Every structure is written in structure tokens, then in C-alpha cells.
Amino acid sequence: MKITAAITGVHGYVPDYVLTNEELSTMVDTSDEWITSRTGIKERRILKGEGRGTSEMGIQAVKGLLEKTNTRPEDIDLLLCATVTPDFVFPATANLIAAGAGLGHTPSFDLGAACSGFLYALTVGSQFIESGKYRRVIVVGADKMSSIVDYQDRTTCVLFGDGAGAVLLEPSADGFGICDSRLYSDGTGVQHLYQKAGGSKYPPSLETIQNREHFARQEGQAVFKFAVVRMAEAAAEIMERNNLTGDDVAWLVPHQANKRIIDATASRMGIGPEKVMLNIHKYGNTTAATIPLCLWDYESRIKKGDNLVLAAFGGGFTWGAAYVKWGI
């Protein structure tokens, strides 16, 4: 049989500090009712403390994953990290996570696809397994969004939180794991969701700092419309390609951007709310970490052989979906 990349373990990490809607309402002109009704978010986790970056959360997720799966660090062949909030421009945050988790000289690299990053990285990681190149690959989704959120802008600061999730991929000859995926992008969407300064086009300067251009900016309505359509299209395509109906799907695992986007996507797919993984109320939008954190939260409720459809949409624009048959 064809070798597929099965998810044989999942673990997550979120910081201890809980930023509630009530606390946010003391920082910007907003309220718990306004945030909850528009986003579904009640609270989010924030990584507090000077000199603490995305890698710290990724290290904790990977260490927990190794312990949970009884896997030795030296047995990991590759580590990928999806993130838009790297500790540094270089080295890669994946390098720091691998070192911090004791993986020695294991190859590692970052992948940037915004909120679709974990889905992209999962697809890339699965190729190394399917080709026979590697036997054990760790895929991490981690972001410290609080580091690029403007807490004077209520349209964005209410949405994001910090967190990390990681999965272990291993070969399966029984049809479990990543059975199919479809990935897309459209760079013309850049003006709707982006961080203007800090890269090579607009390097850090006194002017970019004074203009508050190092924070994430989003045009909510445009992103909402694109996200609903594209996530649903990609998920529907995955279902059609694999002859799946709504009855065949045990769980929809959507990127946790906004509960209204999640509800609209599920509705277009013909999947009821009882089959939709949802934890946005606890963590907000953790960008690349949302999907693995959902898998971590719902792990006890997923049964071996369950059909999962993962779907995401992010800045870039990037979007896609994957069909996963649960193998744990």
C-alpha cells in the first residue's frame, strides 16, 4: 500500500497569562459584549516577560510531544516550524526549538504562510515521510501574536493570542494520516492583511516606528468575505476529491480566526456545529497554532479512523484544506 504520513502524537502549549475581554476594555474602547458577538472570543493567552519569544512556546510543545509519545529526541529526522512571529529574522525559530528540545543536529527550518502556515507545513512534512526520506517529522505551529498587535487598535487587538502546537508524523501503510491536501495563494490580497514594516521593503526606521507600521493590520470585512469563500471551496474540493460527504466527516478542524467565519464555512460545507472543533473562545486567533491546538484540545474525542477535514485561510492570501484519517 501507499505510505502515508500519520499523525501519531499531538501536544500544545499556551502561556499562563489570561487576557480577558474585560481587561481589554480597560485598554481600548470595546466591551465583552462587542468582542463576543463579533468574534466569539472571551479570552486569549499572552506570553509575558522580556526576552521571551515564539521559540519558548514551541520548545514546550515539542518537549511535551516527545514525552507523550515516548520518542527519543535523537530519533527525530526533521522539525518544521510554521510562524509569522519568529524570534529573529535569522536564525530560524525552528533551529531554536530544535536546540531547546534537545534534538541535536536535526535539520529544521521555518515556513511562513500566516494563518495557513500549519497546513502548509503539515503538507511539506508529509512529503518527506511519503518519499521515504525520513521516518519521524515534527511539525510545529507557533506564534506570539502579542508581539505584533497594536493594543491601541481595537479591530485587531481583540482577535489575537499566543500559543504553540506540535504533531509527530510517522509512516503508515494502513491508510491513516494525511490522505490529501490542496493549497492556494493570492498575493494580490496583501493590502487587506499584512505587517508593513520590518522586512526588506520597509526596514525598521524612526519613521516606521513613529507611524506604528510594525503591527499587524487587517481590513476585517474584506478578509471575512475571502476567508469564508476560500476555506469552504478548498474544504469542498477535498471532500469531492475523496468522495466524502458531510456524513463521512467526523470533524471539521478550522483555523480559529473568527467564530462567524467558522460558522459560515461549516454551513457552506453542510457540516453541523456538533462536528466543528472550536476553542477560539479560550485562545483567540493564535495564527499558525490554531489547528494543532484544536487537535490537542479535542484529542480525547477523536476516534481512530475518524475522517477530519482541516481548513485554513491567512494573510498573503494563503488558504487550503487537508483530509486526515486519524491514526492514534
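Values below: all heavy atoms of this structure, side chains included; hydrogens, waters and symmetry mates excluded. Owing to the predicted nature of the structure, the values given are computational and were not obtained by experimental measurement.
- In this structure, the side chains of Lys259 and Leu278 come closer than 4.5 Å at one or more pairs of heavy atoms.
- Cation-pi contact between Arg260 and Phe224: present, with separation from the ring centre below 6.0 Å and deviation from the ring axis of at most 45°.
- Under the side-chain contact (heavy atoms from CB on, under 4.5 Å) test applied with Ser55, the options Thr83, Val62, Ile97, Val140 reduce to a single match, Ile97.
- Under the 4.5 Å side-chain criterion, counting only non-hydrogen atoms from C-beta, Asn95 is not in contact with Asp110.
- Ion pairing of Glu299 with Lys68 is present here, as a side-chain N (NZ or NE/NH1/NH2) and a carboxylate O approach within less than 4.0 Å.
- With rounding to the nearest 0.5 Å, the separation of OG1 in Thr30 from CD1 in Ile35 is 3.5 Å.
- Listed by chain and residue number, Ala6, Ser172, Asp174, Lys304, Lys325 satisfy the side-chain contact (heavy atoms from CB on, under 4.5 Å) test with Phe176 (two or more places apart in sequence, or in another chain).
- Counting heavy atoms from C-beta outward, Ser116 and His255 have side chains that stay 4.5 Å or more apart.
- Remark: the backbone N or O of Thr286 is not paired with any side-chain donor or acceptor of Thr290 at under 3.5 angstrom.
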Exercise. Take Tyr120 and Ser185 through the test side-chain contact (heavy atoms from CB on, under 4.5 Å) and record every step on the way to the result.
Key: CA-CA 11 Å; Tyr120 268 65; Ser185 72; 3.9 Å; yes
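- For Gln191, the CD atom is densely surrounded, since the number of other residues' heavy atoms within 6.0 Å is greater than 12.
- Judged by distance alone, with hydrogens and angles left aside, the side-chain atoms of Lys275 form a donor-acceptor pair with the main-chain N or O of Gly246 at under 3.5 Å.
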Self-check item: Verdict with reasoning, Ile7 to Ile178, per side-chain contact (heavy atoms from CB on, under 4.5 Å)
Solution: CA-CA 8 Å; Ile7 295 176; Ile178 294 87; 4.3 Å; yes
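- Taken to the nearest 0.5 Å, the CD atom of Glu130 stands 10.0 Å off from the CG atom of Leu169.
- In this structure, Ile59 is not a member of the same hydrophobic cluster as Val139, with clusters built from ILVMFWY side-chain heavy atoms closer than 4.5 Å.
- Here the options are Thr93, Asp143, Asp162, the test is side-chain hydrogen bond (donor to acceptor under 3.5 Å, both in side chains), and the partner is Thr85; only Asp143 passes.
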Self-check item: side-chain contact (heavy atoms from CB on, under 4.5 Å) evaluation trace for Thr156 with Phe215
Solution: CA-CA 9 Å; Thr156 55; Phe215 296 117; over 6 Å; no
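- By the criterion of side-chain heavy atoms lying less than 4.5 angstrom apart, applied directly or through intervening Ile, Leu, Val, Met, Phe, Trp or Tyr residues, Ile148 is grouped together with Leu111 in one hydrophobic cluster.
- Within a 6.0 Å radius of CZ in Arg241, other residues, nucleotides and ligands contribute more than 12 heavy atoms.
- Taking all atoms of both residues into account, the shortest heavy-atom contact from Ala235 to Val309 is CB-CG1, 4.0 Å.
- Formation of a donor-acceptor pair under 3.5 Å by the Thr123 side chain with backbone atoms of Leu119 is found in this model.
- Looking at heavy atoms from C-beta onward, Pro91 lies in side-chain contact with Leu96 at the 4.5 angstrom threshold.
- At most 12 heavy atoms of other shown residues, nucleotides or ligands fall within 6.0 angstrom of atom CZ in Phe88.
- Tracing side-chain contacts under 4.5 Å through hydrophobic residues (I, L, V, M, F, W, Y), one reaches Leu308 starting from Leu293; they form part of the same cluster.
- Atoms CD1 and CG, from Ile238 and Asn307 in turn, are 12.0 Å apart once rounded to the nearest 0.5 Å.
- Heavy-atom minimum distance, Ala61 versus Tyr13: N-CB, 4.1 Å.
- By the rule that hydrophobic residues join a cluster once side-chain heavy atoms approach within less than 4.5 Å of another member, Leu159 and Leu193 end up as members of separate clusters.
- Closest approach of Ile262 to Pro254, counting heavy atoms only: CG2-CG, 3.6 Å.
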List the atom pairs, donor and acceptor, that lie under 3.5 Å between side-chain atoms in residues 40-48 and the rest of the protein, sequence neighbours left out.
residue: Lys42; atom: NZ; partner: Asp32; partner atom: OD1; Å: 3.1
residue: Lys42; atom: NZ; partner: Asp32; partner atom: OD2; Å: 3.0
residue: Arg44; atom: NH1; partner: Leu19; partner atom: O; Å: 3.0
residue: Arg44; atom: NH1; partner: Asn21; partner atom: OD1; Å: 2.9
residue: Arg44; atom: NH2; partner: Asn21; partner atom: OD1; Å: 3.0
residue: Arg44; atom: NH2; partner: Val158; partner atom: O; Å: 2.7
residue: Arg45; atom: NH1; partner: Pro15; partner atom: O; Å: 2.8

Practice problem: Report the C-alpha separation of Asn258 and Thr39 in whole Å, then their side-chain angles, then the decisive distance to 0.1 Å, and conclude whether the side-chain hydrogen bond (donor to acceptor under 3.5 Å, both in side chains) test is met. | Solution: CA-CA 5 Å; Asn258 180 305; Thr39 69; 5.8 Å; no
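- Residue Val229 is not grouped with residue Val276 when hydrophobic side chains (ILVMFWY) are merged at heavy-atom distances under 4.5 angstrom, including chains of intermediate members.
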Exercise. Apply the test side-chain hydrogen bond (donor to acceptor under 3.5 Å, both in side chains) to residues Thr208 and His214: give CA-CA distance (whole Å), side-chain angles for both, the deciding distance (0.1 Å), then the verdict.
Key: CA-CA 7 Å; Thr208 63; His214 292 265; 2.8 Å; yes
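- At least one donor-acceptor pair under 3.5 Å links the side chain of Gln195 to the backbone N or O of Ala197.
- Of the possible donor and acceptor atoms, one in the side chain of Gln256 sits under 3.5 Å from a partner among the backbone N and O of Asn279.
- In this structure, Glu22 places its CD atom where more than 12 heavy-atom neighbours from other residues, nucleotides or ligands lie under 6.0 Å away.
- One distance of note links CD of Glu274 with CH2 of Trp251; it measures 8.5 Å at 0.5 Å rounding.
- Contact check for Lys282 versus Asp297: side-chain heavy atoms found under the 4.5 Å cut-off.
- Using a 4.0 Å cut-off between charged side-chain N and carboxylate O, Asp306 and Lys303 make no salt bridge.
- Between Phe313 and Trp319 the shortest heavy-atom distance is CD1-CB, 3.5 Å.
- Asp77 places a side-chain N or O within donor-acceptor distance of the main-chain N or O of Arg136, the cut-off being under 3.5 Å.
- Of the inter-residue distances, the one linking Leu122 atom CG with Ile291 atom CD1 reads 8.5 Å to the nearest 0.5 angstrom.
- Looking at every heavy atom in both residues, Ile3 comes nearest to Ala173 through CD1-CB, 4.0 Å.
- For Glu50, the CD atom counts as loosely surrounded, since its 6.0 Å shell holds 12 or fewer non-hydrogen atoms of other residues, nucleotides or ligands.
- A cation-pi geometry, defined here as NZ or CZ lying under 6.0 Å from the six-membered ring centre and within 45° of its normal, holds between Arg154 and Trp34.
- Lys196 has its side chain within reach of Tyr194: a pair of non-hydrogen atoms, C-beta onward, lies under 4.5 Å apart.
- A salt bridge links Arg217 to Asp153: at least one charged side-chain nitrogen sits closer than 4.0 Å to a carboxylate oxygen.
- Nearest heavy atom pair, residue Ala142 against residue Ala164, reads CB-CB, 3.6 Å.
- Atom CD1 of Ile302 sits about 4.5 Å away from atom CH2 of Trp326, to the nearest 0.5 Å.
- Ring geometry, Phe226 versus His192: the interplanar angle falls from 30° to 60°, so the pair is classed tilted.
- Contact check for Ile76 versus Leu66: side-chain heavy atoms found under the 4.5 Å cut-off.
- Met145 places a side-chain heavy atom less than 4.5 Å from the side chain of Val84.
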